[in-house]
Amino acid sequence: MIETETEITHPKPVLLSEYQVPVFLIESLQLNFELYDGHTLVSSRMSVRRNPASTQTSKDFMLNGEELTLLSVALNGKKLTEEEYSLTDKTLTIHRVPDAFELTIANKIFPEKNTELSGLYRSRDTYCTQCEAEGFRRITFFPDRPDILTRFTTTLSADQKRYPYLLSNGNLINRGTLEDGRHFATWEDPFKKPCYLFALVAGDFDVIEDFFETQSKRKVALRFYVEKGYGSEAHHALYSLKKAMQWDEETYGREYDLDVYMVVAIADFNMGAMENKGLNIFNTKYILAKPDVATDEDYIHILSVIGHEYFHNWTGNRVTCRDWFQLSLKEGLTVFRDQTFSEDILSSVMRIQDVNVLREAQFPEDAGPLAHSVRPESYIEINNFYTATIYNKGAEVLRMLRTILGVEKFREGMDLYFKRHDGQAVTIEDYVKAMEDVSGINLKQFKRWYSQAGTPIVRAEGRYDQNTKEYTLTLAQSCPDTPGQTGKYPFHIPVKMGLLDEEGSHQDTVLHLTEATQTFTFANIAKKPLPSLLRQFSAPVKLQIDYSDQDLMYLFKHDPDTFNRWEAGQQYATRLMLRFIEQLKKNNTVESLSLPSELISMFEYVLDLQKTHHDLYFLSSLLVLPSEKYIAEQMEVIEVELIHHVRQWMLSALAKQLEKKWLAVYLSHHDDSSTYQFDMKTIGRRQMKNRCLAYLLMLPQHAELGLKQFKGALSKNMTDTLAAMAGLANLDVPSRLLALDAFYQTFKQNALCVDKWFAIQAGSTLPNTLETVKQLMQHPAFDLKNPNKVYALVGAFSRRNLIQLHAKDGSGYAFLREVVQQLNKINPQIASRMLEPLTGFKRYDKERQQLMRKELVGLLETKNLSPDLYELLTKSLK
Ligand code: BES
Ligand code: ZN
């Protein structure tokens with residue numbers, strides 16, 4: 001065996017242009033796992049044959065393998081000597097192989113020591129796996145790439161008492177007992193799959209079981225495996241799964257294809273959930289829910305994540321990605337599917353949340369040093385590319401495609417895509433080709449959305465001619481340069497729009513903006529209209545148009561497009577906040593500011609409307625001011641303090657001026673007697689009254705009201721409990737501690753509730769929050785090895801508490817660096833995600849830039865720096 005030293009060279013980028021088809025294919029793979037305390041023995045047997053599509057003539061067969069102890073290799077039953085293969089810390093190469101052969105490998109791994117949570121690891125008393133993107137190579141030697149599709153058969157054995165459930169992909173074909181109190185199970189997956197979809201679980205659980213009958217009348221067993229004692233918290237997830245299965249049949253004609261669908265909930269998990277074939281593995285936070293411990297928001301997330309992973313069965317599993325540059329092929333498409341699923345099942349208002357995520361997470365990414373296209377051309381660490389661009393912008397691109405083709409042609413395109421590529425590993429090109437073929441529309445220009453990074457700006461100008469009764473709309477597009485990409489070509493931008501006049505609105509039209517500048521003419525327009533553009537946010541662009549305050553007010557009240565009503569309110573509030581910021585810069589005191597009567601009347605309008613309007617969920621969204629992040633995005637140099645102070649001042653001013661109304665509306669919808677229901681009507685009522693409460697809790701005199709709701713809801717309704725506690729957490733009043741302590745005492749056994757408790761404190765606007773966060777890191781319930789805890793405490797601080805992260809003395813930055821440095825050793829994926837808020841440092845003032853840069857440069861010197869952090873640091877420091 002030849003062991004080469006790990007060299008301290010910098011990790012090299014992988015390039016799309018260097019893609020080559022695999023030289024060898026693996027027809028089938030038999031895996032055997034023997035799970036013991038402290039170590040696991042893995043043996044594999046694969047049948048390999050040369051790929052007829054490969055032109056390479058090499059007789060070397062290369063497999064990936066990381067942190068594995070190799071025990072033996074045999075080719076066609078003959079044990080190989082050390083001259084017949086070479087081993088490095090990342091690869092195993094078998095020399096002089098024939099064109100077809102059987103390879104048998106035995107290796108040993110240490111799941112208990114796996115803190116990266118990639119590969120096979122232990123979470124509490126459960127063994128589980130996470131293989132996407134490149135975790136399978138941490139389990140056994142294998143060519144770990146998504147374009148090798150293999151038939152898997154998996155046997156696992158473990159102690160029967162402690163691990164009564166032994167699960168893997170596909171159907172159970174055999175099980176039995178062994179010596180020493182052990183037992184085994186064998187699973188066979190009839191569908192070929194890439195190794196990133198492999199999964200294995202061993203543990204003891206509460207099992208919730210149900211059935212789903214498919215449209216072709218097949219019976220599918222649905223099984224949820226959750227921690228013992230939590231069975232009662234799996235019902236909403238089960239309900240969500242059935243909804244998703246039904247929706248995919250109705251909307252896309254897609255049926256589930258195995259006899260069993262299993263979902264396992266795991267407390268230590270890097271991501272939200274994973275679509276392993278027939279055996280999804282979920283972060284507990286996207287499974288467990290009951291009214292006293294989960295909020296409406298949690299319920300809504302569970303529905304969409306369950307949907308998302310289920311939809312992957314077709315968009316990702318049956319048809320998968322050729323390489324990781326095509327990641328958006330499955331993720332963008334599946335996000336698009338889960339978003340439209342939630343819109344259909346819950347409310348079209350979900351679009352507002354999705355656009356918020358896009359604008360608060362993806363737009364900054366597209367404007368920063370890590371900007372990349374939806375189909376990137378190079379990466380150093382693929383784990384860094386599970387980004388808002390791949391996911392959320394990718395989903396927007398598909399939504400545009402649906403707008404351009406129309407719903408019916410889009411569906412035909414999906415059908416053709418599945419028909420052509422079922423069982424294949426394909427590219428985004430292949431997908432777009434199917435859409436072109438069904439529609440006859442040339443999508444060459446449209447494809448620039450996949451290759452060009454950056455958020456386009458669309459500038460609109462309307463002109464009305466009284467004499468000719470013509471309205472002309474001129475649209476001009478541009479797109480800023482991004483790292484490595486200058487001089488962008490025009491995009492194909494679908495602009496949904498309508499013209500408003502007193503009689504109402506002209507029907508929705510879609511304008512196709514394809515040139516740098518284009519003019520559209522509308523004939524027979526009786527009076528000067530008001531344009532409503534980019535309805536439903538029909539393209540991921542920044543729209544610039546000179547509306548007067550009155551125009552925005554009019555749209556806010558009268559646009560038939562609900563999204564644009566919300567948007568008009570946001571634009572008006574944004575405009576005000578930016579004006580106030582300018583004023584504060586000059587005057588330095590909030591005393592000089594005053595709310596314009598238009599804003600007050602906008603709010604009053606909504607608060608009156610709620611008496612009769614059916615959709616309180618929508619109306620309550622009109623009462624939310626744009627976030628600090630969104631305002632930051634609008635500024636050349638981000639002025640964290642001014643943004644924060646102006647926003648806080650506006651919230652309190654609104655609270656004071658409308659105090660009676662907030663209170664009245666609050667009381668009219670507050671209801672602590674009926675049992676929890678998950679439907680948009682009651683969710684809307686809770687949302688509305690908790691919005692009112694949030695305003696009231698800007699004023700310390702209402703702390704008692706907050707505490708009253710808190711006490712009444714504790715152990716009954718988490719939505720109301722948390723809404724009250726979040727408000728109280730920002731007040732320096734005795735009720736604050738009362739609530740926080742009562743919450744902890746009530747829920748200290750429930751990890752997900754403790755996460756909420758951490759997050760609320762980390763997000764507090766009170767001035768000593770960093771100190772609190774540091775103390776909480778020492779709390780017995782905190783654990784740096786558990787990603788949920790890190791997200792709850794550190795993530796909430798760094799992503800939701802901008803003012804304190806960006807404290808002038810640099811204390812927030814130093815803290816983050818310290819945490820990232822510790823995480824680098826434990827879990828590089830999480831470290832990388834925690835570092836993200838510092839990567840956009842160039843958008844801040846000189847002093848802050850310097851402070852942030854200092855921490856980034858310092859981090860770059862970390863010993864054993866992971867490729868994940870190396871990539872983020874070098875790209876942002878460039
Ligand atoms: N395939 C991903 C999970 C994943 C991501 C595994 C990155 C390994 C690395 C899964 O389908 C996914 O996208 N999950 C999302 C939730 C979803 C609703 C957007 C997640 O985990 O955040
Ligand atoms: Zn996904």
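No hydrogens, no waters, no symmetry mates; every other heavy atom, side chains included, goes into these values. Remember, it's 1-based here, ligands and their atoms both numbered in the order they're listed. All residue numbers refer to positions in the sequence shown, counting from 1.
For His312, the N, O or S atom closest to the Zn ion (ligand 2) goes by the atom name NE2. The minimum distance between the Zn ion (ligand 2) and any N, O or S atom of Glu331 involves atom OE1.
When heavy-atom distances to ligand 1 are checked against 4.0 Å, the residues falling inside are Gln130, Glu132, Met271, Gly272, Ala273, Met274, Glu275, Val305, His308, Glu309, His312, Lys330, Glu331, Tyr386, Tyr391, ordered by chain and number.
Annotation: cation-pi pair Arg254/Phe311 absent, no NZ/CZ under 6.0 Å from the ring centroid and within 45° of its normal. Tyr252 carries Arg337 over the face of its six-membered ring, with the cationic atom under 6.0 Å from the centre and within 45° of the normal. Both tests do not hold together for Arg151 against Phe191: distance to the six-membered ring centre under 6.0 Å, angle to the ring axis within 45°. Both tests pass for Lys193 against the ring of Phe152: distance under 6.0 Å to the centre and angle within 45° of the axis.
For Asn114 and Arg122, the side-chain atoms include no donor-acceptor pair closer than 3.5 Å. With hydrogens and angles left out, the side-chain atoms of His312 and Glu331 include a donor and acceptor closer than 3.5 Å. Counted by atom type alone, Gln339 and Glu343 present zero donor-acceptor pairs between their side chains at under 3.5 Å.
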